[in-house]
Amino acid sequence: MDRLNTLLEHNRAFVESREYEQYKTDKFPGKGLAILACMDARLVELLPKAMGLKNGDAKLIKNAGALITHPWGSVMRSLIVAVYELRAEEICVVAHRDCGMRAIDPNTILASAQERGVSEDTIATLRAAGIDLDTWLKGFDNVSDSVRHTVQTIRNHPLMPKDVPVHGMVIHPSTGRLEVIVNGYGDAEEVAPAA
């Protein structure tokens, strides 16, 4: 059986048994948080549990590395919508140790893309059109520095209100231990000792 049919079978049983009722909430984050976190599968349940969150407590935006690669991209737009339309009062950037985006090699990704059918001509056309694939696909070397950079990108965005605290943290993907890299309540950074 394929994955889609498995998901749909589960969904039918979920709805028929009314399991959804335990998750009912509205669209506003109960704890006033918007969280930008890495999409790592280890964090799906661990991150909310480690932060004491239940369904409806936070707007959770996930992408590779918890990075904002462009100030006018969809991640930044989601954070701005969360603040202005959905009552988010604080933002947390949560990256993690042992991230797949650490020291990622754009050339390896492009080689894999070619192996899966993306032509060299397509890659050349994208480059000729001015798309810097190497920068766009690059990850980071240091997770703490990456968190600081993302926090600054959010703080410095011209549409982000200055009264919204933006925190930066790193979570351990096995234990859930959070390290504060940037304390959004003050100008000074609070750096937790490395684990």
Side-chain angles (χ1 to χ4, degrees), residues 20 22-102 104 138-140 142-195:
Y20 57 84
Q22 65 184 314
Y23 301 107
K24 281 191 176 179
T25 185
D26 62 28
K27 66 181 180 177
F28 302 107
K31 291 195 176 181
L33 291 174
I35 299 169
L36 169 58
C38 185
M39 66 180 192
D40 190 291
R42 295 172 289 182
L43 304 182
V44 170
E45 291 186 47
L46 179 66
L47 177 67
K49 294 284 188 197
M51 295 182 84
L53 302 174
K54 64 181 184 352
N55 198 54
D57 281 347
K59 293 294 178 186
L60 185 55
I61 303 155
K62 298 188 95 179
N63 76 347
L67 296 169
I68 294 179
T69 57
H70 196 284
W72 300 104
S74 62
V75 172
M76 195 64 222
R77 180 187 63 211
S78 295
L79 291 170
I80 288 169
V81 168
V83 168
Y84 287 109
E85 291 292 318
L86 301 171
R87 302 181 192 156
E89 299 166 351
E90 298 189 26
I91 296 171
C92 296
V93 175
V94 185
H96 65 95
R97 300 281 172 216
D98 188 33
C99 183
M101 290 299 288
R102 187 176 174 276
I104 199 165
K138 186 175 181 347
F140 52 83
N142 179 291
V143 69
S144 296
D145 290 344
S146 176
V147 167
R148 286 185 193 94
H149 179 267
T150 297
V151 166
Q152 285 304 316
T153 299
I154 297 167
R155 281 183 176 166
N156 294 332
H157 197 280
L159 295 178
M160 184 58 65
K162 300 303 177 204
D163 63 344
V164 173
V166 183
H167 312 288
M169 293 176 265
V170 175
I171 189 171
H172 191 285
S174 296
T175 67
R177 180 180 179 268
L178 290 166
E179 299 173 52
V180 176
I181 305 301
V182 179
N183 180 335
Y185 295 133
D187 293 333
E189 291 184 359
E190 178 184 313
V191 179

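The figures that follow rest on heavy atoms only: side chains count, while hydrogens, waters and symmetry mates do not. Position 1 is the first residue of the sequence, and the numbers go up from there.
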Roughly how far, to the nearest 0.5 Å, is NZ of Lys49 from NZ of Lys54? 11.5 Å
More than 12 non-hydrogen atoms from neighbouring residues, nucleotides or ligands closer than 6.0 Å to NE2 on His149, yes or no? no
Which residue, Arg155, Glu89, Glu90, forms the side chain to side chain contact (heavy atoms under 4.5 Å, CB included) with Pro165? Glu90
Donor-acceptor list for residues 30-46 side chains, cut-off 3.5 Å, not counting sequence neighbours:
residue	atom	partner	partner atom	Å
Lys31	NZ	Gly52	O	3.0
Asp40	OD1	Arg42	N	2.7
Asp40	OD1	Arg42	NE	2.9
Asp40	OD2	Arg42	NE	3.4
Asp40	OD2	Arg42	NH2	2.9
Arg42	NH1	Asp98	OD2	3.0
Arg42	NH2	Asp98	O	3.0

Tell me if a side-chain donor or acceptor on His167 pairs with a main-chain N or O of Gly184 at a distance below 3.5 Å. yes
Per-pair distances, 0.1 Å, donor-acceptor, side chain in residues 66-85, under 3.5 Å, sequence neighbours excluded:
residue	atom	partner	partner atom	Å
His70	ND1	Trp72	N	3.0
Ser78	OG	Ser74	O	2.9
Tyr84	OH	Leu159	O	2.7

Rounded to the nearest 0.5 Å, the SG atom of Cys92 sits from the CD1 atom of Ile61 at a distance of 11.0 Å
Sub-4.5 Å side-chain heavy-atom contact between Leu47 and Leu60: yes
Between the CD1 atom in Ile104 and the SG atom in Cys99, the distance rounded to the nearest 0.5 Å is 8.5 Å
Using a 4.5 Å cut-off on heavy atoms from C-beta on, say whether the side chain of Val143 contacts that of His96. no
Which one of Val147, Leu178, Val151, Val93 satisfies the side chain to side chain contact (heavy atoms under 4.5 Å, CB included) criterion with Met169? Leu178
Give me the atom names and distance for the closest heavy-atom approach of Met101 to Gly65. CG-N, 3.6 Å
